[in-house]
**Q** 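This is the structure, below, for whatever I ask next.
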Amino acid sequence: MSKDPDRLFAQPLAQVPDFAFNEDVVRVFPDMIKRSVPGYPTIVENLGVLAAQFAQPSSVLYDLGSSLGAVTQALRRHVRTDGCRVIAVDNSAAMVERCREYLNGQDSMFQELLPVEVIEGDILALTFQPASVVALNFTLQFIAPDQRTALLSRIRQSLLPGGALILSEKLRFNDAEEHALLTDLHVAFKRANGYSELEIAQKRSAIENVMKPDSLEEHRERLLAAGFSKVVPWFQCLNFASLIALP
Ligand SMILES: C[S@@+](CC[C@H](N)C(=O)[O-])C[C@H]1O[C@@H](n2cnc3c(N)ncnc32)[C@H](O)[C@@H]1O
Ligand SMILES: O=C(O)C(=O)C[C@]1(C(=O)O)C=C[C@@H](O)C=C1
């Protein structure tokens, strides 16, 4: 795993380009996401623990928007159900290339790991196979808002009885005071992780056009509209949360 520190926004930029999962981001991604998303290591590890409870024999586990495969690796650490395999999907060529390198390295060192297929592709164009676990770990927020319900409906239709969708997202809050407080605390989290005011401000403007968070209420309503029967939040740290949605 690359250990390069994230300094992508450390120098003043004449114009801040829209955030993209390109080669520069790939190089620093493990450091960036750990220092930007409160609770990220806890969410990833426990996503594996949760998945082990929902995995059904001989089924597919999806890691959608897999980046460098952190969730896939947690699934490999925790799921012991017979005949499961992982399908990891990402539309960033740079992410997919590096993800395959990491996973191939693991395959050559350890036997008996869950088989993994890494697909370079758009999750909006994916034909889903019957699945027991679908992970969307900080990916739905990058999907155009008007495409989100259709994607979740297709995921719901692919889910086997006893399975689950695990959805992690940055949240916004309908209550202005709550939103301002948790946004300020997130900035404090980034500062405590060594980001400067300039880095925080430039990253904010880079993501504002490409990443559109919803509120918990919007997530719940959309998941129910997509056909899920129950939505259970299992983790929240500041303005980042993870939900279990049951078919
Ligand atoms: C914040 S990252 C996900 C982090 C990752 N799941 C983890 O836990 O480390 C979002 C990822 O979603 C991918 N992505 C965004 N839109 C996508 C789409 N339409 N199809 C496939 N992947 C997409 C991006 O390329 C990026 O790698
Ligand atoms: O909200 C922010 O400030 C973030 O940096 C969040 C976030 C995310 O949630 O995915 C945005 C882009 C990077 O992938 C890492 C973290």
Side-chain angles (χ1 to χ4, degrees), residues 1-2 6 8-9 16 18-48 51 62-75 86-99 102-103 118-126 128 134-148 150-151 154-155 166-172 179 182-191 193 195 199-214 235 237-242:
M1 206 38 86
S2 159
D6 171 22
L8 293 185
F9 297 98
V16 181
D18 277 351
F19 188 83
F21 292 97
N22 56 26
E23 190 58 55
D24 292 335
V25 168
V26 166
R27 214 171 298 120
V28 302
F29 191 69
D31 182 64
M32 169 187 277
I33 196 151
K34 210 164 48 189
R35 290 165 65 212
S36 302
V37 176
Y40 174 77
T42 307
I43 291 174
V44 170
E45 200 56 38
N46 285 290
L47 213 149
Y62 278 105
D63 177 5
L64 302 179
S66 43
S67 296
L68 299 177
V71 167
T72 291
Q73 295 191 39
L75 295 173
V86 180
I87 300 181
V89 187
D90 204 290
N91 65 353
S92 156
M95 283 289 189
V96 166
E97 188 188 341
R98 196 65 70 87
C99 181
Y102 290 141
L103 295 173
V118 184
I119 296 176
E120 182 185 333
D122 185 345
I123 58 173
L124 294 172
L126 196 66
F128 286 98
V134 177
L136 275 169
N137 207 41
F138 305 109
T139 301
L140 192 69
Q141 60 199 9
F142 291 101
I143 299 294
D146 63 354
Q147 307 275 338
R148 292 179 189 178
L151 172 63
R154 289 194 300 113
I155 292 172
I166 304 169
L167 172 66
S168 311
E169 291 273 288
K170 185 178 189 180
L171 295 179
R172 62 177 195 82
H179 185 79
L182 290 171
T183 303
D184 285 352
L185 292 174
H186 181 222
V187 168
F189 171 89
K190 287 193 167 190
R191 224 180 262 135
N193 282 315
Y195 284 122
E199 285 176 293
I200 294 167
Q202 292 193 135
K203 173 82 177 283
R204 186 190 308 123
S205 71
I207 62 176
E208 72 189 353
N209 291 326
V210 291
M211 180 180 141
K212 305 277 185 198
D214 297 311
F235 184 91
C237 186
L238 307 180
N239 47 349
F240 289 78
S242 189

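Computed from a predicted structure; not experimentally measured. Both ligands and their constituent atoms are indexed starting at 1 by order of listing.
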**Q** Whether the side chain of R191 engages the backbone of I200 through a donor-acceptor N/O pair (distance < 3.5 Å, no angle test) should be reported.
**A**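 Flag not set: sc R191 to bb I200 has no pair under 3.5 Å.
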**Q** Just to confirm my output: which protein heavy-atom neighbour is closest to atom 10 (C) of ligand 1, and how far is it?
**A** F138 O, 3.6 Å
**Q** Looking only at protein heavy atoms, identify the closest one to atom 25 (O) of ligand 1 and say how far it is in Å.
**A**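 Ranking protein heavy atoms by distance from atom 25 (O) of ligand 1, first comes D90 OD1, 2.6 Å.
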**Q** Looking only at non-hydrogen atoms, which of A88, G65, S92 approaches atom 5 (C) of ligand 1 most closely?
**A** G65
**Q** Please determine if I123 has a nitrogen or oxygen closer than 3.5 Å to a nitrogen or oxygen of ligand 1.
**A**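 The answer is yes, given that I123 and ligand 1 share an N or O pair closer than 3.5 Å.
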**Q** Answer side chain, backbone, both or neither: which part of L68 comes under 4.0 Å from ligand 1, heavy atoms only.
**A**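 Contact part for L68 vs ligand 1: neither.
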**Q** Within the 4.0 Å heavy-atom shell around D122, which atoms of ligand 1 are there?
**A** 18 (C), 19 (N), 20 (N)
**Q** Side chains of N91 and I123: closer than 4.5 Å at any heavy-atom pair?
**A**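 Not in contact.
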**Q** Can you pull the residues with any heavy atom under 4.0 Å from ligand 2?
**A**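 Those residues closer than 4.0 Å to ligand 2 by some heavy atom are F19, F21, F29, M32, S36, V37, Q141, F142, K170, H186, K190, K203, I207, M211, F240.
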**Q** Is there a donor-acceptor pair closer than 3.5 Å between any side-chain N or O of E120 and the backbone N or O of V96?
**A** no
**Q** For atom 14 (N) of ligand 1, which protein heavy atom lies nearest, and how many Å away is it?
**A** N91 OD1, 3.5 Å
**Q** Out of A74, S67, A135, indicate the one that has the non-hydrogen atom closest to atom 2 (S) of ligand 1.
**A** S67
**Q** Could you tell me whether the side chain of H186 and the main chain of V37 form a donor-acceptor pair under 3.5 Å?
**A**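 Not at all, since once roles are kept as given, no pair shorter than 3.5 Å links the two residues.
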**Q** May I have the step-by-step check of side chain to side chain contact (heavy atoms under 4.5 Å, CB included) for L136 and I155, ending in yes or no?
**A** CA-CA 10 Å; L136 275 169; I155 292 172; 3.9 Å; yes
**Q** Below 4.0 angstrom from a heavy atom of G121, which ligand 1 atoms are there? Numbered from 1 as shown, please.
**A** 20 (N), 21 (C)
**Q** Give the residue, atom name and distance (to 0.1 Å) of the protein heavy atom nearest atom 7 (C) of ligand 1.
**A**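 Ranking protein heavy atoms by distance from atom 7 (C) of ligand 1, first comes Y40 OH, 3.4 Å.
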**Q** Between R148 and Q141 (side chain of the first, backbone of the second, donor and acceptor by atom type, cut-off under 3.5 Å), is there such a pair?
**A**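 Yes; at least one donor-acceptor contact below 3.5 Å.
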**Q** Tell me if a side-chain donor or acceptor on D90 pairs with a main-chain N or O of S67 at a distance below 3.5 Å.
**A**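 Present.
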**Q** Evaluate the ring planes of Y40 and F138, with Trp represented by its six-membered ring, and classify them as parallel (under 30°), tilted (30 to 60°) or perpendicular (over 60°).
**A**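 The arrangement is tilted - the two ring planes meet at 30° to 60°.
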**Q** Report the C-alpha distance between I166 and N137 in whole Å, list the side-chain angles of each, state the deciding distance to 0.1 Å, and finish with yes or no for side chain to side chain contact (heavy atoms under 4.5 Å, CB included).
**A** CA-CA 7 Å; I166 304 169; N137 207 41; over 6 Å; no
**Q** May I ask you to check whether over 12 heavy atoms, not counting those of E23, lie within 6.0 Å of atom CD?
**A** yes
**Q** In the protein, what heavy atom is nearest to atom 8 (O) of ligand 1, and what distance, to one decimal place, separates them?
**A**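 Heavy-atom neighbour on the protein nearest atom 8 (O) of ligand 1: N137 ND2, 2.9 Å.
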**Q** Which atoms from ligand 1 have a heavy atom of V71 less than 4.0 Å away?
**A**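 Listed by number with element: 8 (O).
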**Q** Classify the ring geometry between F29 and F21 as parallel (under 30°), tilted (30 to 60°) or perpendicular (over 60°).
**A** perpendicular
**Q** Should M32 and Y195 count as side-chain neighbours, where that means a heavy-atom distance under 4.5 Å?
**A** yes
